[in-house]
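Please read the structure below before turning to the comments.
All figures in this text were calculated on a predicted structure; none of them were measured in a lab.
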Amino acid sequence: MKAFLIKALGILAISFAVFTAQAQEQSAEQPVDFNVADSLVAALRDSLETSRLIEANMLMELEQLRFQMASGDSLKRDEQRRRIDSLRVTTVGVPVVVEGDTLFYFFTKRGGYSPQQRALMTQEIMEKLGRRFNLRPDSVFIDDSDNVSDIMYDNLVIASFTDQDALWAGMPQDSLAFERRSLIVAELEKLKDEHGFWRLIRRIVFLILVIAAQYFLFKLTNWLYRKLRRRIEGMESTKLKPVMIQNYELLDTRKQVALLEILANIGRWIVMGLQLLISIPLIFSIFPQTEALAYTLLGYIWSPVKGILVGIVEYIPNLITIIIICIAIRYLIRLFRYLSREVETERLKIPGFYPDWAHPTYNIIRFLLYAFMIAMIYPYLPGSDKGVFQGISVFVGLIISLGSSTVIGNIIAGWVITYMRPFRKGDRIKLDETVGDIIEKTPLVTRIKTAKNEIVTVPNSFIMSSKSINYTTSAREFGLILHTEVTIGYDVPWRLVHRMLIDAALATDGIVAEPAPFVLETGLNDWYPVYQLNAYTREPQRMAAIYSALHQNIQDRFNREGVEIMSPTYIATRDGNASTVVTDPGV
């Protein structure tokens with residue numbers, strides 16, 4: 001006897017250890033998941049209860065064997081009852097559940113069937129009987145034989161109870177059978193009422209009513225949609241007015257009517273969809289066979305809605321934080337915009353800070369503030385802690401960094417040019433071989449309009465690597481010097497040449513008298529000296545016209561004095577050709 005008991009307990013301990021080791025291996029192989037952990041705990045609890053029940057059954061079998069081997073006096077029976085009472089505190093039986101109702105529990109084996117198998121067989125038999133249209137629950141009876149009480153319906157055994165079941169229930173076997181029969185009869189009455197013929201008729205009628213109601217709801221929804229559509233079409237010439245943005249007509253009345261009709265159609269489909277979401281689970285809930293499917297469909301509908309609502313409620317604190325950050329950054333940007341306008345209009349003067357720096361500096365500060373705002377808001381965005389969201393952010397940043405190196409270079413060059421102040425909008429400059437006026441400065445490019453009305457677009461990075469000449473700055477601060485050269489023979493006195501060139505310069509529109517024009521002799525060549533006329537102007541935008549007028553005046557002045565502007569080598573070899581001096585210059 002002791003050897004059998006030790007062997008049984010050893011088998012029980014080994015099975016429990018194997019299950020525990022499997023659970024530990026699963027938990028070590030998989031990452032920590034609270035749902036998986038809960039399922040493992042539940043499975044472990046069920047296994048523990050099953051082990052306790054097996055242990056209790058084995059102990060009861062041992063007690064029964066000892067009882068049969070003993071003399072059979074009542075003391076042995078009492079000791080067995082006390083042992084069961086002590087096991088009942090820690091042992092949970094296997095329930096017999098019929099369509100959600102728990103009737104009673106099995107604690108012991110019977111005829112080679114475990115308590116789980118006995119409970120499952122009783123449940124299946126009762127559910128099978130409950131679906132019969134000709135079921136008579138009062139026909140359930142008790143058949144007692146060989147220390148076993150069978151509860152039967154016709155020739156079908158619903159459940160059997162032994163003296164061991166009676167000991168676990170704490171009552172005589174006949175009383176236990178009578179009580180269990182009452183529970184079974186009551187449940188069969190309930191099943192008969194639930195699955196009876198008239199109940200089926202009522203369910204079919206209810207199904208037809210639900211389908212008919214849904215059909216009429218569809219008709220009503222479509223009728224309301226058509227009425228609303230006619231109402232919208234009538235508003236085109238009565239209530240609707242074009243939507244204007246300054247002088248641009250964004251939406252005329254016809255487009256507004258089309259947009260409202262689209263919105264009404266979308267609303268119609270949404271209402272019809274909501275009707276189906278209610279009616280379809282209601283249809284499935286009519287019949288017990290599909291009632292579980294109805295709850296499943298409701299779960300499919302409600303779970304996402306519930307998740308969205310819960311997510312919105314839980315996100316409210318983060319949303320409030322984001323709103324506060326945005327408001328603070330917005331008013332800070334407004335402050336810097338006000339300061340930039342004050343500096344730009346020179347109402348506020350900062351030593352060493354030029355007024356034309358105000359707007360670009362404001363744009364840089366605004367960009368940095370927006371970047372700072374995004375960095376602060378990012379942790380509060382939904383999904384920011386998810387790996388997919390972070391991966392997309394890294395991918396987008398990588399694409400931008402690889403594809404915009406030239407763009408970034410031009411932007412940085414534009415900032416540097418702004419603070420270097422080589423030119424301003426409206427200045428006449430010479431960039432490489434291009435001469436013109438600055439008409440636009442952007443973060444990426446600078447546009448120049450030439451004297452021939454050609455628009456030249458130059459990347460800012462090219463300007464950084466090229467030499468530029470600002471004629472406007474020179475004219476504004478010092479006076480721009482326009483210069484031109486003539487070559488006159490040695491036979492003409494240089495003082496006369498100087499006077500004629502200066503007179504021609506002073507007679508030119510655009511040349512200022514102060515500072516006075518001057519002449520430089522830049523070379524004494526074999527045949528002629530080189531005279532360079534230098535004259536000041538304050539109008540660099542008229543350089544081409546001033547040069548043209550200056551050259552005309554030089555020719556007129558020299559003609560009046562009878563001096564040829566001619567190569568001396570040509571004059572020395574002249575063979576009777578006429579002089580190039582114009583006798584009637586017309587001035």
How close do [X] and [Y] get, heavy atom to heavy atom, and via which atoms?
X	Y	value
S468	L431	CB-CD1, 3.9 Å
P540	M543	O-CG, 2.9 Å
R557	M500	CG-O, 3.5 Å

Would you indicate whether [X], at its atom [atom1], is surrounded by more than 12 heavy atoms from other residues, nucleotides or ligands within a distance under 6.0 Å?
X	atom1	answer
Y215	OH	no
K449	NZ	no
R330	CZ	no

> Side chains of V497 and F558: does their closest heavy-atom pair fall under 4.5 Å?
Replying inline: yes
Is there a donor-acceptor pair under 3.5 Å between the side chain of [X] and the backbone N or O of [Y]?
X	Y	answer
S465	F462	yes
Q275	Q214	no
R347	E342	no
D427	I438	no
S466	D432	no
R538	A475	yes
Y315	Y380	yes
S548	A545	no
D437	G426	no
N460	T442	yes

>> Check the orientation of F353 and W357. Use parallel for under 30°, tilted for 30 to 60°, and perpendicular for over 60°.
In response: perpendicular
> Taking the six-membered ring for Trp, are H498 and Y531 parallel (under 30°), tilted (30 to 60°) or perpendicular (over 60°)?
Replying inline: perpendicular
>> Return the OH to SG distance between Y331 and C326, rounded to the nearest 0.5 Å.
In response: 12.5 Å
> Can you tell me how far OG1 of T537 sits from OH of Y547, rounded to the nearest 0.5 angstrom?
Replying inline: 10.0 Å
> Just checking, is any N or O donor in the side chain of N553 or T508 under 3.5 Å from an acceptor N or O on the other one?
Replying inline: yes
> Out of T472, T446, I469, T473, which residue meets the side-chain contact (heavy atoms from CB on, under 4.5 Å) rule with F423?
Replying inline: T446
> For I448, which of T457, I429, I455 qualifies under side-chain contact (heavy atoms from CB on, under 4.5 Å)?
Replying inline: I429
